[in-house]
Number of protein chains: 2
Amino acid sequence: MLWQLKSFQDFIKSEGLIGSKDTVLLAVSGGKDSVAMAHLFKQANFSFAIAHCNFQLRGTESDRDEQFVAQLAKTLEVPFHVTSFNTLAYADEHKISTQMAARDLRYRFFEELVSTFNYQKIAVAQHQNDAIETVILNLTRGTGIAGLHGIKTERQNIIRPLMLFKREDIDAYILANQLDFVEDSSNSSTKYIRNKIRHQIIPVMKEINPSLEDTFQKNIAYFSDLEAFLKASIQEYKQKLFQKHPKGYLISIQKLKEIPALHFILTELLLPYGFNSTTVTDVILGLDKESGKTFFGKDDVLLIDRDFIFLQKIQQEHRTELTLNEDDLMLYFQDFIITQEITETTFSNSQTTAFVDTEKLKYPLALRTWQEGDKFMPLGMKGFKKLSDFFISLKIPLTQKHLIPVLVNADDHIIWIAGYRLDERFKITADTKKITKFELKNIKP
Amino acid sequence: MLWQLKSFQDFIKSEGLIGSKDTVLLAVSGGKDSVAMAHLFKQANFSFAIAHCNFQLRGTESDRDEQFVAQLAKTLEVPFHVTSFNTLAYADEHKISTQMAARDLRYRFFEELVSTFNYQKIAVAQHQNDAIETVILNLTRGTGIAGLHGIKTERQNIIRPLMLFKREDIDAYILANQLDFVEDSSNSSTKYIRNKIRHQIIPVMKEINPSLEDTFQKNIAYFSDLEAFLKASIQEYKQKLFQKHPKGYLISIQKLKEIPALHFILTELLLPYGFNSTTVTDVILGLDKESGKTFFGKDDVLLIDRDFIFLQKIQQEHRTELTLNEDDLMLYFQDFIITQEITETTFSNSQTTAFVDTEKLKYPLALRTWQEGDKFMPLGMKGFKKLSDFFISLKIPLTQKHLIPVLVNADDHIIWIAGYRLDERFKITADTKKITKFELKNIKP
């Protein structure tokens, strides 16, 4: 018995890849690796079937491969499943790359077979050198820790039972058993890049370290462990830090500051919300500064409040939301955001901030635009003025009028023409005991 | 002004590499990179001096380089420090590689200059491509996260002010300023390997990703952050888990079990004590089993006790230590270790374990070898027997007699001829309330 067969059986056993009653679906292209895999499955007496996809990307060569694999299945006396795809049309229709299209179609076909014929596992013929190539490719293109774990031996119902072998082990097995296989003469861009790594980079690395595959097995095992640790740590931090709030999450600034390597952790925590490393740098710089700074992720907005970071989803409904309760931290209005907080200082150098006497507020407040008949008492004046006249005096065009947010009390009295003028009745006086600060921000960066 | 000069100045400022009153010592070999660095320092008006080492490894070429750098310093009108080493003799004497010898000698010379002439920093001319090469080299040879941070821009008083440049930026600067430089025609093994990476691997990676250097800057920044986080986490875990004990550390098994990705963390924690990943796997498997298992690191022994892992330094003094107190977990004796624990079961299938009635023990116990006149009551016998006769009956040669550990009570009564026979007086009876288990282990693996 060839050592490859013995090792293959031991590997499947020690990794628990195949149950004693499992029937495995083998993905066979007809190339060296998948032919060796099919042969090993036969020799090891596993119950299996063969699936082949004809992607119709290489003309007659695609058909030759299909016939070759059909013949292989016949020789091995196992069920054979085959399908043809119009890969280019699918890619075109879904606006994805040919490579992604082939991948989609392939796994969809496999999953269909799995459920129709009750296969327990799908076996793919990748080996150690494929894993090394993947790591080099990821590094070349840029990666975090997730790009260094190579190719997992098992992921859901997909197994890679050749992961114990180097390419040369498979070549030797093919040779020893005098197995036929087909060669892919195409040079797709993916294959082109893989080939560069395979034929130009890896051989040089092997000159430097002849045990490259063994070394990479260790590298990959270490990085997989590190990745698992990182994921678990991030999960722990998330549970510790992200406090649920009806509209999103509150994150204690105090707790944040206790984290070692804060930038790294906060980036990992906020990346899923579309905040990148650079934004996180700014967020951290903002933690010690005047509160109220906002940052926009993909679908979320992050507000640095006094003691908390507030993370809230930007949804269409939020943008038209109109009432502001006492415990709300902010509110969306068209392209604006209005923040609300209790403060002790009235310092501000911006037109877009209003400090009002908290006791005069009647919640829920509302945010709306100008309405026919609106009047208010502009700060510094004794009498009322029609809002339309106020806009005219500021030379605000009519078209603009409907875009200006007006903050009103529960009784519809105007508190603030946001960004323009506070109402005299709500201003801070010598009797004021508590101050609420409103700030208007434009969401559009 | 060339963009390189402007960027160089900005980089030094933003990274805070050089203080306004600093004088920097430049390590100049005479090659492209260090010549460009010296020229940039001159153009930027920094206060600096040049140091050159003649390692006498390349005959007349070494002398040519020395003269070239001397002339460069003269042209730039800065102080010049030079020294010659008999690198081969030093390497031979200290039994290290030529490369390590050159490195040692070089940094020793620099540090001497730094303290004699009061230089604040030492500048080395490494750039982004050197960092990429280092990462590729480390990965090829096998590495953890520490091998992926590339080359730090600043480490203690050593700065690398060209770290903002790619190799091609420096080539362009040399060309634009028509600077002379020398080339190293040698092919040392280190240089040979570096050249393979530089000329055979990196160009292929750049074909795949033309912005390779920028990508690697991001990779490296991410991995540096991850490394810092990991170090901080390990430090936190160490503080949380390692409980000081007069003879080493106690690690709560309960707390260990709460750690996510335990194998990874425990490996990181125990690696400094010489326990590798495989041993840690065995330690973890041992946590749930019968306690008492021991593992040997480089200078430490690890014992899995009931609730704790006990980590203790193996020192010569321990090996001859003779008394065993009630709260000791173990004791070294020549090539043996004796563990002690309170137990509730007397199950054991080994000759090397003794279960005794705790109440009959008088602490401190002592461990010693046979002494003239020793007698004891062998288990199962009613009377005393001379220990020398007991050894004779077992056909133990005289030379061996002095190597067998004898455990005695504080009053010198023999409890156990370790590995051979318990004393009848200490055995467990129906009246026994508490059981102490002793186990003898051979340290030599």
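Residue numbering restarts at 1 for every chain, and letters A, B, ... go by the order of the sequence lines.
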*Asks:* Between B:Ile132 and chain A, with a heavy-atom cut-off of 4.5 Å, which part of the residue counts as in contact: side chain, backbone, both or neither?
*Replies:*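 For B:Ile132, no heavy atom lies under 4.5 Å from chain A.
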*Asks:* Just jot down the ring pair (Phe, Tyr, Trp, His ring centres under 6.0 Å) partners of B:Phe229, sequence neighbours excluded, or say none.
*Replies:* A:Phe264
*Asks:* With sequence neighbours left out, write down each residue that passes ring pair (Phe, Tyr, Trp, His ring centres under 6.0 Å) with B:Phe275, or none if nothing qualifies.
*Replies:*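 Ring pair (Phe, Tyr, Trp, His ring centres under 6.0 Å) check on B:Phe275 returns nothing, list empty.
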*Asks:* Record all donor-acceptor atom pairs with a distance under 3.5 Å between chain A and chain B; write none if the list is empty.
*Replies:*
from     : atom 1 : to       : atom 2 : distance (Å)
A:Leu139 : O      : B:Asn219 : ND2    : 2.9
A:Thr140 : O      : B:Asn209 : ND2    : 2.7
A:Thr143 : N      : B:Asn219 : OD1    : 2.8
A:Ile145 : N      : B:Tyr222 : OH     : 3.2
A:Lys196 : NZ     : B:Glu207 : OE1    : 2.3
A:Glu207 : OE1    : B:Lys196 : NZ     : 2.3
A:Asn209 : ND2    : B:Thr140 : O      : 2.7
A:Asn219 : OD1    : B:Thr143 : N      : 2.8
A:Asn219 : ND2    : B:Leu139 : O      : 2.9
A:Tyr222 : OH     : B:Ile145 : N      : 3.2
A:Asp225 : OD2    : B:His263 : ND1    : 3.2
A:His263 : ND1    : B:Asp225 : OD2    : 3.2

*Asks:* If I compare all heavy atoms of B:Phe223 with all of A:Leu139, which pair ends up nearest, and what's the gap?
*Replies:* CE1-CD2, 4.2 Å
*Asks:* Among the options B:Ile202, B:Ile208, B:Leu226, B:Leu148, pick out the one with the most heavy-atom pairs lying under 4.5 Å from chain A.
*Replies:*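 Top option by heavy-atom pairs under 4.5 Å: B:Leu226.
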*Asks:* What closest approach, in Å, do B:Ala261 and A:Ala228 show between heavy atoms, and which atom pair accounts for it?
*Replies:* CB-C, 4.2 Å
